[in-house]
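Worth knowing before you read on, the calculation uses all heavy atoms, side chains too, and leaves out hydrogens, waters and symmetry mates. A note on names: the letters A, B, ... follow the listed sequences, proteins ahead of strands, and every chain is numbered from 1.
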Amino acid sequence: MPELPEVENICRMLREKIVGHVINKTLVHLPRIIRSGDINSINGRKFTDIYRRGKYICFELENDLMMYSHLRMTGTFLWKNDLSEAPTHIRIEFELDNGVLLYRDIRTFGGIWIIKDGSPPWKELGIDPFDSEFTVKGLRTLLGNRKQPVKQAILDQHLIAGLGNIYASEVLFTAGIHPLISSNSLEKPEIKRLHNAIMTVLSTAIEAGGTTFRDFQLSNGKSGAFQEFLKVYARNGKPCRICGKPIEKIVLGQRSTYFCTKCQK
DNA sequence: CTATAGACCTGACGGC
DNA sequence: TGCCGTCAGGTCTATA
């Protein structure tokens with residue numbers, strides 16, 4: 001499902017379409033997607049901004065009204081000028097004055113929160129890697145407090161918000177760090193490499209339009225391209241792009257984890 | 001506090 | 001063709 005780069009691309013695409021435009025009508029096909037608030041309270045309101053915090057999408061509307069969304073495994077927002085070719089698995093439709101915003105979600109794990117004058121739906125979301133306060137020193141402090149395997153630590157949204165299962169494996173490969181290494185045993189040079197890898201991998205993935213597996217679609221209905229550049233994720237048994245040794249797959253915290261035993265120590 | 005398994009869902013794929 | 005098990009980009013909750 002969407003991780004930081006995919007969510008960032010969705011926000012960028014939607015910003016051009018929805019900001020400054022009014023929601024005329026909302027159609028809810030699957031009510032349990034709405035986790036809190038009154039969905040109809042957004043009707044007649046204008047979107048004033050859209051941005052991202054970790055993997056959450058934050059839609060800002062007039063009158064201090066916020067709509068938040070988390071896409072979980074299979075959610076996405078699609079933009080259509082009209083519904084002549086309606087996609088499947090549409091759970092919520094937002095009719096704007098200039099087109100239609102669709103919330104699509106196959107497995108229906110995602111959610112939408114409508115919040116008026118209140119706090120966001122998350123509690124204790126970790127630092128976003130693109131926040132200027134995300135520094136090597138800060139990362140060292142975060143990881144120094146955990147003894148769990150570093151792969152699980154960087155997946156923990158309470159520490160860093162945005163990395164998911166694909167990019168966690170990719171980042172550790174780029175940093176040359178073994179996923180099972182205890183988080184608090186990392187030395188300063190490794191933390192620095194890890195910080196650098198997080199920024200490089202995420203930035204590159206964002207520019208590539210994110211990663212597309214199965215039928216994930218960006219808001220323009222298209223796929224990302226980063227799957228072509230993955231170095232370890234879902235490449236078990238295939239040769240490491242650096243040393244040629246077959247990529248290993250293990251299960252860590254019930255999540256598939258991929259790495260090269262030679263390049264990651 | 002940690003660590004683990006299960007739950008929430010739908011669909012694609014491989015094996016028999 | 002069909003049935004069954006496994007797996008999937010995430011996160012929350014219950015249990016030991």
**Request:** List in chain and number order the residues that pass salt bridge (charged side-chain N to carboxylate O under 4.0 Å, His left out) with A:E8, two or more places apart in sequence or in another chain; answer none if no residue qualifies.
**Result:** A:R12, A:R52
**Request:** Output yes when a side-chain donor or acceptor of A:Q217 lies under 3.5 Å from a complementary backbone atom of A:D215, and no otherwise.
**Result:** no
**Prompt:** Going by heavy atoms closer than 4.0 Å, what residues in residues 170-180 of chain A are next to DNA chain C?
**Reply:** none
**Item:** Candidate list A:H29, A:R104, A:R107, test side-chain contact (heavy atoms from CB on, under 4.5 Å), partner A:H89, passing option
**Value:** A:R104
**Message:** Without decimals, in angstroms, what is the distance between A:L4 CG and C:dG10 P?
**Reply:** 11 Å
**Prompt:** Phosphate oxygens OP1/OP2 of C:dT11: is one of them under 4.0 Å from a side-chain N or O of A:H70?
**Reply:** yes
**Prompt:** In whole Å, what is the span from the CG atom of A:N236 to the P atom of C:dA8?
**Reply:** 9 Å
**Item:** Length of the line joining A:R32:CZ and B:dC8:C1', which is rounded to integer Å
**Value:** 8 Å
**Request:** Would you indicate, yes or no, if C:dT11 has its OP1 or OP2 atom less than 4.0 angstrom from a side-chain nitrogen or oxygen of A:K55?
**Result:** yes
**Asked** Could you state the CG-C1' distance from A:L252 to C:dG10, rounded to the nearest angstrom?
**Response** 16 Å
**Asked** Rounded to the nearest Å, what distance is computed from the CD atom of residue A:Q254 to the P atom of nucleotide B:dT4?
**Response** 9 Å
**Request:** Test A:V19 against every option in A:K17, A:E16, A:R15 by the side-chain contact (heavy atoms from CB on, under 4.5 Å) rule and name the one that passes.
**Result:** A:R15
**Message:** Both A:D215 and A:P149 contact DNA chain B. Which one's nearest nucleotide lies toward the 5' end?
**Reply:** A:P149
**Asked** Between A:P2 and A:L71, what is the shortest heavy-atom contact and its length?
**Response** CG-CD1, 3.7 Å
**Residues which pass side chain to side chain contact (heavy atoms under 4.5 Å, CB included) with A:S183, listed by chain and number, not counting sequence neighbours** = A:L143, A:R146, A:A153
**Asked** Is there a donor-acceptor pair under 3.5 Å between the side chain of A:D105 and the backbone N or O of A:G110?
**Response** yes
**Prompt:** A:I160 CD1 to C:dG10 P: how many Å, rounded?
**Reply:** 14 Å
**Asked** If you measure from the P atom in B:dT10 to the same atom in C:dT1, how many Å do you get, rounded?
**Response** 24 Å
**Asked** NE2 of A:H89 versus C1' of B:dC9: gap in Å, rounded?
**Response** 10 Å
**Item:** Geometric class of the A:Y56/A:H70 ring pair [parallel <30°, tilted 30-60°, perpendicular >60°]
**Value:** perpendicular
**Message:** Below the 4.0 Å mark, does C:dT11 have OP1 or OP2 next to a side-chain nitrogen or oxygen of A:Q157?
**Reply:** yes
**Request:** Using a cut-off of 6.0 Å, state whether more than 12 heavy atoms not belonging to A:K222 lie near its atom NZ.
**Result:** no
**Complete:** In whole angstroms, the gap separating P of C:dC12 from CH2 of A:W122 amounts to 13 Å
**Prompt:** Where the side chain of A:E93 meets the backbone of A:L102, is there a donor-acceptor pair that is under 3.5 Å apart?
**Reply:** no
**Message:** Hydrogens and angles aside, do A:T257 and A:K151 bring a side-chain donor and acceptor to less than 3.5 Å of each other?
**Reply:** yes
**Asked** Do the ring planes of A:W122 and A:Y68 sit parallel (below 30°), tilted (30 to 60°) or perpendicular (above 60°)?
**Response** perpendicular
**Request:** Would you please confirm or rule out a distance under 4.0 Å between OP1 or OP2 of C:dA8 and any side-chain N or O of A:S256?
**Result:** yes
**Asked** In residues 100-116 of chain A, which ones come under 4.0 Å of DNA chain B, going by heavy atoms?
**Response** A:I106, A:R107, A:T108, A:F109
**Prompt:** Side-chain donor-acceptor pair under 3.5 Å between A:K245 and A:T261, yes or no?
**Reply:** yes
**Item:** Pairing pattern in dot-bracket form [Watson-Crick, G-U; both distances under 3.5 Å; | = partner strand] for DNA chain B
**Value:** .|||||||.|||||||
**Prompt:** Does any residue of residues 138-148 of chain A have a heavy atom under 4.0 Å from DNA chain C, and if so, which ones, in number order?
**Reply:** none
**Asked** Between A:T108 and A:R32, is any side-chain donor less than 3.5 angstrom from a side-chain acceptor?
**Response** yes
**Complete:** Heavy-atom closest pair (A:I198 atom, A:P129 atom, distance to 0.1 Å) is CG2-CB, 4.0 Å
**Message:** Please classify the nucleic acid contact of A:Y167 as base, sugar-phosphate, or nothing, using heavy-atom distances under 4.0 Å.
**Reply:** nothing
**Asked** Which value, in whole Å, describes the distance between the P atoms of nucleotides C:dC3 and B:dC9?
**Response** 24 Å
